[in-house]
Amino acid sequence: MRGSRMNPGDRRTRSTMSIVIVMSLCCFFYILGAWQKSGTGRGDSIALRVTKETDCTILPNLHFETHHSLGGVNPLVMTNKFFEPCHIRYSDYTPCQDQNRAMTFPRENMNYRERHCPAENEKMHCLIPAPKGYVTPFPWPKSREYVPYANAPYKNLTVEKAVQNWVQFEGDVFRFPGGGTMFPNGANAYIDELASVIPFTDGTIRTALDTGCGIASWGAYLMDRNVLTMSFAPRDSHEAQVQFALERGVPAVIGVLGTIKLPYPSGSFDMAHCSRCLIPWKSNDGMYMFEVDRVLKPGGYWILSGPPINWKTNHQTWKRSKEDSEAEQNVIEKIAEMLCWDKIHEKGDTVIWRKKADSNGCRNKDDRASKMCKIQDADDVWYKKMEGCITPFPEEAQLQKFPDRLFAAPPRILQGRTPGVTEETFEEDNKLWKKYVSTYKRINKLIGSSRYRNIMDMNAGLGSFTAVIDSPISWVMNVVPTISEKNTLGIIYERGLIGIYHDWCEAFSTYPRTYDLIHASGLFSLYQNKCNIEDILLEMDRILRPEGTVILRDNVEVLNKVRRTVMGMRWKSKLLDHEDGPHIPEKILVSVKKYWVGNEEENSS
């Protein structure tokens with residue numbers, strides 16, 4: 001009879017072999033796990049293959065396919081909400097600067113030109129159409145001089161500003177000769193004059209603010225000097241001035257010096273500028289000059305060109321009396337002295353002041369002390385009332401010149417003025433975004449080319465995304481949400497970049513179709529339970545150009561909700577794995593907005 005018993009030798013051999021096999025398998029899976037975690041294993045090869053398949057060099061062929069699902073439902077077949085086009089009359093709709101709503105607010109101190117957003121029941125839930133004939137803007141730098149008429153079909157500035165060389169209509173394009181009210185011979189000649197006083201060439205001046213910017217020609221030509229300008233002007237009778245600026249590829253927002261503080265941190269700008277901007281600087285006891293002082297860095301420059309400067313020569317042209325004009329300039333001079341600004345240049349219609357690097361050398365210290373602001377946080381500005389007081393000088397560390405300051409630890413970090421952000425976290429953030437941007441460029445080889453001129457980062461953090469892709473052929477509007485745990489916009493400015501505070505539960509202060517590429521990391525997780533994701537996505541669609549690109553990085557559950565919405569918005573989308581493989585819950589959603597224009601027949605509300 002055949003038995004099952006083994007002799008002791010066989011049993012020992014079998015037991016030894018089992019132990020060896022188990023140990024070998026343990027070692028194999030340990031090594032395999034380490035290999036995958038390192039980013040060079042199977043997970044990374046899958047991500048790389050998906051990346052290759054979604055090469056966005058041919059953006060219209062972006063296909064929607066992924067192994068991730070939403071709640072067990074196949075996203076390819078689930079029913080989604082479809083968003084109708086808005087009526088064509090809304091093609092240039094700016095929700096928070098709507099002309100009809102504006103007229104219901106007081107005109108005093110330009111209150112009616114400030115942000116007044118629609119109530120929840122007034123929000124539009126349709127897609128803003130592009131006007132008939134809309135085309136992709138010219139690449140930079142041609143866009144600085146030419147804008148297709150169909151993109152911003154408003155000719156009134158060609159008549160109003162004909163003698164000032166602002167803009168001319170030629171065939172089917174607008175041409176921008178580079179002139180301005182105070183520089184009809186061109187912005188370059190004007191900037192050359194300023195350069196005799198202000199050091200544009202050594203990296204000292206990197207960020208500028210243009211108040212009442214018109215079509216932003218000053219900022220457009222400062223880019224040749226490696227200076228980034230944040231330009232703003234109201235949506236007023238000039239209609240399309242900020243829209244023209246953005247179509248030209250120049251940073252600009254709709255804004256005004258009115259009753260609330262500017263949406264920028266204190267000590268942001270190396271230089272501020274007013275060229276016949278019509279801001280009443282002496283009004284409200286100098287409150288607007290106090291606000292410029294707040295956002296101006298110690299050692300920064302303020303340029304005032306136009307009334308009341310050179311009043312002896314021009315007062316009759318302005319149809320103003322000598323006495324009034326002289327009195328206005330005298331008031332401005334006194335306020336500048338109180339603010340510790342030294343007048344360093346006066347020639348013709350232009351005066352340049354320089355803010356002292358510290359308050360120790362200030363004259364009239366007693367008067368100044370009585371005017372100091374009693375505030376805890378000078379960067380807490382969102383919808384805060386403007387004050388007629390002086391913001392205290394920060395204890396500034398030495399700011400490096402650009403481009404060195406782009407990756408050097410900013411003073412706000414070195415001094416511990418941003419809780420939770422250290423030199424180590426700053427360095428780690430830079431390394432991380434170098435890795436992420438490298439991925440984006442593999443996904444979309446057009447990033448870094450002239451295809452994307454106007455870029456927005458909706459949740460900018462420390463600004464490292466922008467720092468990594470910094471290029472003379474593009475610029476980035478770095479947005480720091482007002483609900484962010486860390487207020488990092490001051491750090492972004494100290495890096496030599498520009499940006500703005502904003503709450504994404506409201507519409508952004510820009511015209512439709514003004515950005516070529518929109519990026520957001522962690523934005524929808526941040527705004528979960530704060531406001532409707534649909535509203536944020538509709539706003540992204542409003543400000544994104546036809547055939548523009550969106551790159552979102554967030555938790556997979558959140559991105560599945562997002563892509564479910566954008567399927568009804570005429571976007572093509574694809575969900576991709578994280579750089580470190582498919583088991584990482586953070587994913588990347590890449591979307592491309594289809595080209596379409598409105599027509600009179602479509603009549604959604």
query = Does any non-hydrogen side-chain atom of Val173 lie less than 4.5 Å from one of Phe138?
reply = yes

- [ ] Could you tell me whether the side chain of Arg495 and the main chain of Thr466 form a donor-acceptor pair under 3.5 Å?
- [x] no

Practice problem: For Lys355 and Leu296, indicate whether the former's side chain and the latter's backbone hold a donor-acceptor pair under 3.5 Å. | Solution: yes

Within the structure provided, determine whether Phe465 and Ser521 are in side-chain contact (heavy-atom separation under 4.5 Å).
no

Audit row: Met540, Lys593, side chain to side chain contact (heavy atoms under 4.5 Å, CB included) steps and yes/no: CA-CA 10 Å; Met540 292 170 68; Lys593 180 179 175 178; over 6 Å; no

The reported gap from CD1 in Ile198 to CD1 in Ile205 (rounded to nearest 0.5 angstrom) is 6.5 Å

For the pair His116 and Phe105, name the ring-plane relationship: parallel under 30°, tilted 30 to 60°, perpendicular over 60°. parallel

Interatomic distance, CG@Asn109 vs OG1@Thr259, rounded to 0.5 Å, equals 7.0 Å

**Prompt:** Does atom CG of Asp285 have more than 12 heavy-atom neighbours, drawn from other residues, nucleotides or ligands, at distances under 6.0 Å?
**Reply:** no

Sorted by chain and residue number, the salt bridge (charged side-chain N to carboxylate O under 4.0 Å, His left out) partners of Lys282 (sequence neighbours excluded) come out as none

Between Pro298 and Ala357 the two heavy atoms that sit nearest each other are CB-O, 3.3 Å

Short question: side chain of Glu423, backbone of Ala409 - any donor-acceptor pair under 3.5 Å? no

Got a salt bridge between Lys347 and Glu193, using NZ or NE/NH1/NH2 to carboxylate O under 4.0 Å? no

Any luck finding a side-chain donor-acceptor pair between Asp379 and Tyr501 under 3.5 Å? no

Value for CE (Met456) from CD1 (Ile500), rounded to nearest 0.5 Å, stands at 8.5 Å

Disulfide bond (SG atoms under 2.5 Å apart) pairs touching residues 261-310, sequence neighbours excluded, are Cys274-Cys277

For the side chain of Arg453 and the backbone of Trp140, is there at least one donor-acceptor N/O pair under 3.5 Å apart?
no

- Where does the angle between the aromatic ring planes of Phe174 and Phe244 fall among parallel (under 30°), tilted (30 to 60°) and perpendicular (over 60°)? perpendicular

task = Report yes or no: does Arg225 contribute a side-chain atom to a donor-acceptor pair with the main-chain N or O of Phe200 at less than 3.5 Å?
result = no

Handout entry: Side chains of Leu523 and Pro481 in contact at under 4.5 Å (non-hydrogen atoms)
Key = yes

Sorted by chain and residue number, the salt bridge (charged side-chain N to carboxylate O under 4.0 Å, His left out) partners of Glu387 (sequence neighbours excluded) come out as Lys261

So do the side chains of Pro411 and Gln398 get within less than 4.5 Å of each other, counting heavy atoms only?
no

Residues passing the ring pair (Phe, Tyr, Trp, His ring centres under 6.0 Å) test with His345, sequence neighbours excluded, are none

CE (Met289) and CG (Leu339) are apart, to the nearest 0.5 Å, by 5.5 Å

Assess, by modelled atom type and distance only, whether the side chains of Ser464 and Asn430 contain a donor and an acceptor separated by less than 3.5 Å. yes

| Worked check of salt bridge (Lys or Arg N to Asp or Glu O under 4.0 Å) between Arg294 and Glu291 | CA-CA 5 Å; Arg294 182 186 70 80; Glu291 181 63 1; 2.8 Å; yes

Next item on the list: May I ask you to test the Leu406-Leu497 pair for a side-chain heavy-atom distance under 4.5 Å?
Entry: yes

Between the main-chain N or O of Cys117 and the side-chain N or O of Glu506, is there a donor-acceptor pair closer than 3.5 Å?
no

task: Please report the C-alpha distance between Tyr264 and Leu209 in whole Å, then the side-chain angles of each, then the deciding distance to 0.1 Å, and finally whether the side chain to side chain contact (heavy atoms under 4.5 Å, CB included) criterion is met.
output: CA-CA 10 Å; Tyr264 315 112; Leu209 179 69; 4.0 Å; yes

Of Tyr452, Tyr436, Trp433, the one forming a ring pair (Phe, Tyr, Trp, His ring centres under 6.0 Å) with His519 is Trp433

Between the OH atom in Tyr511 and the CG atom in Asn151, the distance rounded to the nearest 0.5 Å is 14.5 Å

I would like to know whether Arg513 and Asp92 meet salt bridge (Lys or Arg N to Asp or Glu O under 4.0 Å); could you show each step before the answer?
CA-CA 9 Å; Arg513 304 171 302 281; Asp92 288 325; 2.8 Å; yes

**Report entry** Donor-acceptor contact present, side-chain Arg542 to main-chain Phe508, <3.5 Å
**Finding:** yes

Review point. Any side-chain heavy atom of Cys213 sitting closer than 4.5 Å to one from Gln241?
Key: no

Distance col, row Asp470:CG vs Leu228:CG, nearest 0.5 angstrom, shows 7.5 Å

Backbone of Thr514 reached by a side-chain donor or acceptor of Asn454 within 3.5 Å | yes

Under 4.0 Å between a Lys/Arg side-chain N and an Asp/Glu carboxylate O for Glu247 and Arg545? yes

task = Please report the C-alpha distance between Met386 and Phe290 in whole Å, then the side-chain angles of each, then the deciding distance to 0.1 Å, and finally whether the side chain to side chain contact (heavy atoms under 4.5 Å, CB included) criterion is met.
result = CA-CA 9 Å; Met386 202 179 294; Phe290 292 149; over 6 Å; no

Aromatic ring pairing Trp218/His273, orientation class (parallel under 30°, perpendicular over 60°, tilted between): parallel

Would you indicate whether the side-chain heavy atoms of Trp341 and Val292 approach each other to under 4.5 Å? yes

What one should report as the nearest heavy-atom pair of Ile491 and Arg412 is N-CD, 3.7 Å

Start with the C-alpha gap between Phe232 and Thr211, add the side-chain angles, then the distance that decides, and say whether side chain to side chain contact (heavy atoms under 4.5 Å, CB included) holds. CA-CA 6 Å; Phe232 72 80; Thr211 56; 3.5 Å; yes

**Report entry** Lys NZ or Arg CZ of Arg144 over Tyr221 ring: under 6.0 Å, within 45°
**Finding:** yes

- Give the ring-plane orientation class for Trp504 versus His502, where under 30° counts as parallel, over 60° as perpendicular and anything between as tilted. perpendicular

**OP:** Apply the test side chain to side chain donor-acceptor pair (under 3.5 Å) to residues Arg248 and Ser217: give CA-CA distance (whole Å), side-chain angles for both, the deciding distance (0.1 Å), then the verdict.
**Re:** CA-CA 9 Å; Arg248 297 174 73 189; Ser217 286; 2.9 Å; yes

| request: Spell out, as yes or no, whether a donor-acceptor pair under 3.5 Å connects the side chain of Asp503 to the backbone of Cys505. | output: yes

Closest heavy-atom pair, Ser91 versus Ile128, reported as atoms and distance to 0.1 Å, is O-CG2, 3.7 Å

For Val242 and Val253, the nearest pair of non-hydrogen atoms, with its separation, is CG2-O, 3.6 Å

Salt bridge (charged side-chain N to carboxylate O under 4.0 Å, His left out) filter on Arg405, not counting sequence neighbours, yields Asp270

- prompt: Given side chains that start at C-beta, do those of Met230 and Tyr493 come closer than 4.5 Å, heavy atoms only?
  reply: yes

* Can any side-chain N or O of Thr229 pair as donor or acceptor with the backbone N or O of Ser231 at less than 3.5 Å? -> no

For Glu333, the salt bridge (charged side-chain N to carboxylate O under 4.0 Å, His left out) test, sequence neighbours excluded, returns Lys343

